[in-house]
2 protein chains.
Amino acid sequence: MTFDGLKLGVTAHEVASLAKVSQSAVSRTFTPGASVSEATREKVLQAAKKLGYRPNALARSLITRRSHMIALVMSYLENQFYPLVIEKLSQKLQRQGYHLLMFISDEAESDGVLAEILQYQVDGIVMASTMLSPDMARRCADFGVPVVFFNRVPDSAPAQNNIWAAGSPANATSSVTSDNYQGGRMVAQLLLERRHKRIAFLAGLEQSSTNAERERGFNDVLHAAGVAVYRRAVGNYSAEGAKHAARAMFAGANPLDRPDALFVANDHMAMAAMDVLRIELGLRIPQDVSVVGFDDVPQAAWGSYQLTTVAQSVEDMVRATVELLNQQMQGNAATKPAFDLPSKHIKIACKLVQRQSVRAKPIS
Amino acid sequence: MTFDGLKLGVTAHEVASLAKVSQSAVSRTFTPGASVSEATREKVLQAAKKLGYRPNALARSLITRRSHMIALVMSYLENQFYPLVIEKLSQKLQRQGYHLLMFISDEAESDGVLAEILQYQVDGIVMASTMLSPDMARRCADFGVPVVFFNRVPDSAPAQNNIWAAGSPANATSSVTSDNYQGGRMVAQLLLERRHKRIAFLAGLEQSSTNAERERGFNDVLHAAGVAVYRRAVGNYSAEGAKHAARAMFAGANPLDRPDALFVANDHMAMAAMDVLRIELGLRIPQDVSVVGFDDVPQAAWGSYQLTTVAQSVEDMVRATVELLNQQMQGNAATKPAFDLPSKHIKIACKLVQRQSVRAKPIS
DNA sequence: CTGAAAGCGCTTACAG
DNA sequence: CTGAAAGCGCTTACAG
């Protein structure tokens, strides 16, 4: 069907007729590096322009076995860190001709999601979902699709009793995270340096590697200094969870009983906790209590929070992710499955960003 | 290539051999509504399971002319409203077997982006990009792909001198927005009711329909009451822009000179403005100045802001978008291009959410 | 450099 | 209900 000289769904064949060349010729002029003479190339381009022709990416994928699509699986976007990831990752990928296919899912349904992802013949998968089934990683790899876990490292629990997992190598996937352990250490060092005595920790999701590593680094430094965590509660990385946790930890009338410093496993929860401390409990930050977060989301810099936090570099993390993906996509997925490739676990350095939520060192 | 009994890239043909049926039979068992006997269906399913077979969605699309992918084009995710849109839209679409293909782009490059989108044979396009070239809308429609503009209505400027635009009907696309005009009116009414005298407006992007409509509704009510906007500045929907604008509007030593109420075109800017007013200028909200936003992003409800705002229902907007898409995707895109379908402009009601950033009615 | 032909993995009339 | 065959729109050896 035509419309004012415009044909809908123009094919290479039609361009070929108009240009009076073979269909192969038009295919070649749209394939970088293929050999076409300048003359026929011109003819084809003219005809293509006239008809509004664009190669059908799906048909192309069928034969090249490259869809130029990367699946991004995420579980929730409440945490401001993730929109940032979508934006940067999408832009970077776009620049090299790839696009993100979105899958929102939490662990519960991830098995079905994986099957769906695979149907779309994506060239790679970025897993930024908070939860993940223990053997998800290797199952992806078994299908020959490179997977990189973003901001989490896959559980190395033993393979489930599952046909796909049978016989797979132990670690068939890669990951990029920041150095969460080191980040946790930095927070403890800062708090100790500022002479805090009653240091509390507000945990995120306990099953998550981010929380585990941050907490481990934090505890290690504290223990080495002979101090134990004064109080601990779990917020599960949600704002509501953080509020409950904050109320519980700061309950009690005696000011000398309550924590004088609080490390929160991410900024999203830290800001929710700050609201509780200041508004509900009337505490001053940092005079009554110091608060430190993790991530350095844009909101952490906002005037109302001025949150001291450990910055994860989305930029660097995304760069590493794309590099990993590129490496693993080198070989043809059909002949060189991901499990033939070394799996790398990349740790990006993080950085302490000091703002106004931690008290200065007391003059003692 | 096989791996522990698992074959990579299994095809319908291989399943057919194992099940001892024709390839057509396996295709049919994976096509809802196709006629297969229960017996062969069972055999196929068994074999498929054994081999880990999943139909190749790309190959299927080639012949069905349905990719089950919807392009989502956005320009920036700084505003918290958009992550919400991604999440809800993705979930809703996923439930009916569609997935979002992401395109991040601002106007400058949108022509190239459109071409790219079209190559992927998406079944529909959701345009949530802030900027858009005037004839983008009809160009999409010309290609037979349904387009719905989200949270913006396409400029109805005359067609550019462009081969695609030639002869196209004037309004070939649909849109869903909230009733921004009505929202603007509600804000003015509230501020008037609270006896504000020096009412200022902080604009977003002046070319955007959201800003234009909100401002128009706001002004109409003000004018009807015989009051003029006291001050006006432009923040371009960015936090930095809003801060500059706030400083400029509230400069001047005399408290009686400065605005006593501020309507900000969206929450993202409103919160930035609040930070300037309270922290830089030492003003109290709402005692010294009332602030109203627009959108009702999650942060607006946070303790530190308690922002009174006009809520846009992401839920309703997404529902309308998906309905529109479904309607327009009914016909086969190849034979029934979008411009044959009526274009609808849906307006979702918005709602005033009163929190703490507007003063109570003075007892006079 | 160029074209005819095979084939990517599917769906869908068409006969039986 | 079932299978053989054509065809979706491309790329890519293979000859020339």
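Just so it is clear: chains get the letters A, B, ... in the order the sequence lines come, proteins before strands, and each one is counted from 1.
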Sugar-phosphate only, base, or nothing, as touched by A:Ser27 at under 4.0 Å among non-hydrogen atoms: base
From CA spacing to verdict: side-chain contact (heavy atoms from CB on, under 4.5 Å), B:His99, B:Gln94: CA-CA 6 Å; B:His99 289 279; B:Gln94 226 165 288; 3.2 Å; yes
Per-nucleotide pairing state of DNA chain C [Watson-Crick or G-U, under 3.5 Å; [ ] pseudoknot-crossing; | other strand]: |||.||||||||.|||
B:Val122, B:Val126, B:Ile125, B:Val322 screened by side-chain contact (heavy atoms from CB on, under 4.5 Å) with B:Ile70, the one that passes: B:Val126
A:Asn326 side, atom CG; A:Asp123 side, atom CG - distance, nearest 0.5 Å: 10.5 Å
From CA spacing to verdict: side-chain contact (heavy atoms from CB on, under 4.5 Å), A:Ile86, A:Met74: CA-CA 10 Å; A:Ile86 298 182; A:Met74 288 199 158; 3.8 Å; yes
Worked verdict on A:Glu87 versus B:Tyr76 for side-chain contact (heavy atoms from CB on, under 4.5 Å): CA-CA 7 Å; A:Glu87 186 171 353; B:Tyr76 75 133; 4.3 Å; yes
Contact list for residues 31-74 of chain A, test ring pair (Phe, Tyr, Trp, His ring centres under 6.0 Å), sequence neighbours left out: A:Phe30-A:Tyr53, A:His68-A:Tyr98
For A:Glu38, all residues meeting side-chain hydrogen bond (donor to acceptor under 3.5 Å, both in side chains), sequence neighbours excluded: none
Parallel, tilted or perpendicular: rings of B:Tyr120 and B:Phe103 (30°, 60°): perpendicular
Test side-chain hydrogen bond (donor to acceptor under 3.5 Å, both in side chains) applied to A:Thr321 - qualifying residues, sequence neighbours left out: none
Span of DNA chain D, from the first to the last nucleotide whose atoms fall under 4.0 Å of chain A heavy atoms: D:dG9 to D:dA13
Test item: side-chain donor near acceptor, B:Ser174 and B:Gln328, under 3.5 Å: yes
Positions of residues 28-48 of chain B (non-hydrogen atom under 4.0 Å from DNA chain C), listed by number: B:Arg28, B:Thr31
5' priority, DNA chain D, between A:Ala12 and B:Val21 [closest heavy atom]: B:Val21
